[in-house]
Amino acid sequence: MTLETIILAAGKGTRMKSDLPKVLHKVGGKPMLQHVINAAKRAGSSREVVVIGAGAELVMQTISGVEFVMQEEQLGTGHAVLSAKKNFEQSDGTVLILCGDTPLLTGELLQKFTAAHESSNCAATVLTAEMPDATGYGRVIREADGTFKKIVEEKDATDLEKKIREVNAGVYCFDVKKLFDALAKVKNDNAQGEYYLPDTLTILKGAGETIGVFTAKYADETIGINSRVQLAAADRVFRMKKNHELMDAGVTIIDPNTTFIDCDVQIGKDTTIRPNTYIEGDTTIGTDCEIGPDIRFTDMKVGNKVKAQFSYCHEAEICDGVTLGPYVHIRPGTTIGADVKIGNFVEIKNSNIGKGSKLPHLQYIGDTDMGSNVNIGCGTVTCNYDGKEKFRTKIGDNAFIGCNTNLVAPVNVGDGAYIGAGSTITKDVPKNNLAIARARQTNIEVWKDKRK
Ligand code: UD1
Ligand code: CA
């Protein structure tokens, strides 16, 4: 069986009060819509048609690997599906319909749901969930015998109907031909003046078709995001799940409540994550590391046995055995070699730091290629920018750079070279030479007496 999917993502998301289209707001560091697409693919969908409208340009720039269809005016979920009619003229069999604002759906749930529909003779099946708080959702009204009757939107519901906690999750399987026949009959005579997709279920039922109801085991997986409060709640559920997955795989997380790990992050076993730590984007961390407290890693590649605390590192690589922090900023394009020690108060940008080098206090290193076992004294600065252009600094293996040195790039310091403290180096230093570039000290005798 081939499964095709329609994902509704054209709504403005008025209740978000945002310039960003709702479906691009992030959960677990990834746009909600991307989570929904991934869940569909995991459930075996072979084709995803995404209905876009509000912020369409931005959605198309952000999301790839799907087909897009424009819904010029947002006249309701039924109208949105109708916009995709042309894309399904060749199709028969089942179409899965999802909303772009239900980011916690899992492939497993959708797979069970579609399998249940396929093995039934229903014209359509709707996914429902028992919500602790059903506010805002369409309520599921059942017949006395428990079969499907209709879905009533919150705004159209009576007080009695509002007490129902079984909600429409906004996930459906339809026989594709029957879907579009029924959609042609949907009217907008309701509180919101919209064409409601769930009305197709009542229309099909009225035509003598059977409508299936499949209730999700974990209601959390179906929550829909309409507001920022719900966004935060979904993010929390997502992150707890991610933390639990990592702990189950052998990662120690001291305080899951203050650990924020994005969905695609990978962490090796016996690594410990301490509180107030953010691990974001495309980051991988090896085994036996101690990360945190107060770390933010974004798009980082981190080796094994790395110790890092109180620091921000992004788009860079840290090799095995590095000790980092407190208060280090590693900026894009940097590779920190194995067993390097960096911190306190150090910034490194677009540089390569060789194995075993030490940058222990108060340095700025930019556009630098540093060899191995180099010792950089406190307060050393690479002067990489002349106000117009950036230049590189090269420091050879085993060099020793005295405290408070300025290295005015472009400049090369040879292997094993020494630089006296307080030097401003403007010329290359050959291998094994000692460079001193500071005014000589003058001691003036009886200075105190003369002043009298
Ligand atoms: C919808 C359902 C409700 C269900 C809930 C589940 C309807 C009428 N109501 O309500 O029964 O409980 O989802 O979360 O379907 N969209 C479009 N074009 C439009 C309108 C909406 O593409 O013209 C998209 C939105 O971008 C969104 C999705 O459809 O991704 C759902 O729309 P939304 O307005 O959030 O519907 P709800 O009020 O949550
Ligand atoms: Ca919604």
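Every number for a ligand or one of its atoms is a count from 1 in the order of the listing. One is the number of the first residue; the rest follow in order along the sequence. The figures here come from the full heavy-atom set of this structure, side chains too, leaving out hydrogens, waters and symmetry mates. For clarity, every value in this text was computed on a predicted model and none was experimentally measured.
Counting only heavy atoms of the protein, atom 22 (O) of ligand 1 lies nearest to Ala10 N, 2.9 Å. Looking at atom 12 (O) of ligand 1, its nearest protein heavy atom turns out to be Asn168 O, 2.6 Å. Of the protein's non-hydrogen atoms, Gly76 N, 2.8 Å is the one closest to atom 23 (O) of ligand 1. The single protein non-hydrogen atom nearest to atom 16 (N) of ligand 1 is Gly11 N, 3.8 Å, given as residue, atom name and distance.
For the ligand labelled ligand 1, residue Leu75 lies inside the 4.0 Å heavy-atom shell. Using a 4.0 Å heavy-atom cutoff, Arg15 is listed among the residues neighbouring ligand 1. For His79, the heavy-atom gap to ligand 1 stays at 4.0 angstrom or more.
By the 6.0 Å contact criterion, NZ on Lys30 is enclosed, its count of non-hydrogen atoms from other residues, nucleotides or ligands being greater than 12. Atom CD of Gln90 sits in a sparse spot, with 12 or fewer heavy atoms from other residues, nucleotides or ligands closer than 6.0 Å. Within 6.0 Å of the NZ atom in Lys41, the count of heavy atoms belonging to other residues, nucleotides or ligands exceeds 12. Counting non-hydrogen atoms of neighbouring residues, nucleotides and ligands closer than 6.0 angstrom, the CD atom of Glu67 exceeds 12 such neighbours.
With ligand atoms numbered from 1 in the order given, ligand 1 contributes 7 (C), 8 (C), 15 (O), 20 (C), 21 (C), 29 (O), 31 (C), 32 (O) to contacts under 4.0 Å with heavy atoms of Thr77. Per-residue contacts place Ala169 under 4.0 angstrom from the following atoms of ligand 1 (heavy atoms of the residue considered): 6 (C). Listed by number with element, the atoms of ligand 1 under 4.0 angstrom from any heavy atom of Pro198 are 7 (C), 8 (C), 15 (O). For ligand 1, the atoms lying closer than 4.0 Å to a non-hydrogen atom of Gln71 are 17 (C), 18 (N), 19 (C), 22 (O), 23 (O). Atoms of ligand 1 lying under 4.0 Å from at least one heavy atom of Cys99, given by number and element, are 28 (C), 31 (C). Near Gly100, meaning under 4.0 Å from one of its heavy atoms, ligand 1 places the atoms 30 (O). Of all atoms in ligand 1, numbered sequentially from 1 with element shown, those under 4.0 Å from a heavy atom of Tyr196 are 8 (C). Every atom of ligand 1 is numbered from 1 in the order shown, and the set under 4.0 Å from a heavy atom of Lys22 is 35 (O).
Closer than 4.0 Å to atom 35 (O) of ligand 1 lies at least one heavy atom of the protein. Note that atom 1 (C) of ligand 1 has no protein non-hydrogen atoms nearby, at separations under 4.0 angstrom.
Residue contacts with ligand 1, taken as heavy atom pairs separated by less than 4.0 Å, do not involve Glu194 at all. The part of Ala9 lying near ligand 1 is the backbone, judged by heavy-atom distances below 4.0 Å. Residue Met16 does not touch ligand 1, judged by heavy-atom distances below 4.0 Å. Heavy atoms of Glu153 found under 4.0 angstrom from ligand 1 belong exclusively to the side chain. Using a 4.0 Å cut-off between heavy atoms, Ala54 makes no contact with ligand 1 at all. By the criterion of a heavy-atom distance under 4.0 Å, the side chain of Asn226, and not its backbone, is placed next to ligand 1.
Side chain to side chain, Thr287 and Asp270 fail the donor-acceptor criterion of an N or O pair below 3.5 Å. Between the side chains of Thr147 and Asp145, at least one donor N or O sits under 3.5 Å from an acceptor N or O. Using modelled atom types and a 3.5 Å distance limit, the side chains of Glu118 and Thr94 yield a donor-acceptor pair. At a cut-off of 3.5 Å, with distance as the only test, a side-chain donor of Thr215 or Thr128 sits close to an acceptor on the other residue.
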_Stepwise side chain to side chain donor-acceptor pair (under 3.5 Å) test for Tyr195 and Asp199_ = CA-CA 8 Å; Tyr195 296 90; Asp199 285 359; over 6 Å; no
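At least one N/O/S atom of Asn226, from backbone or side chain, sits under 3.0 Å from the Ca ion (ligand 2).
Ring pair His314/Tyr312 is parallel by interplanar angle, where below 30° counts as parallel and above 60° as perpendicular. Between Phe214 and Phe113, the two ring planes are perpendicular [angle over 60°; tilted spans 30° to 60°].
Of all N, O or S atoms in Asp101, the one lying closest to the Ca ion (ligand 2) is OD2.
With Met370 as the partner, the side-chain contact (heavy atoms from CB on, under 4.5 Å) test is satisfied by one option alone out of Ile336, Ile376, Ile348: Ile376.
Taking any N or O of Gly138, backbone or side chain, at least one lies under 3.5 Å from an N or O belonging to ligand 1. Residue Leu8 has at least one nitrogen or oxygen atom sitting less than 3.5 Å from a nitrogen or oxygen atom of ligand 1, judged on distance alone. In terms of N/O distances under 3.5 Å, ligand 1 is not approached by Val51.
Shortest non-hydrogen contact noted between Lys17 and Arg228 is O-NH2, 3.1 Å. When all heavy atoms are compared, the tightest approach of Phe68 to Ile63 is CZ-O, 3.7 Å.
The side chain to side chain donor-acceptor pair (under 3.5 Å) test applied to Glu154 returns Arg139, not counting sequence neighbours.
Between Lys177 and Asp181 there is no salt bridge, since no side-chain nitrogen of the basic residue lies less than 4.0 Å from a carboxylate oxygen of the acidic one.
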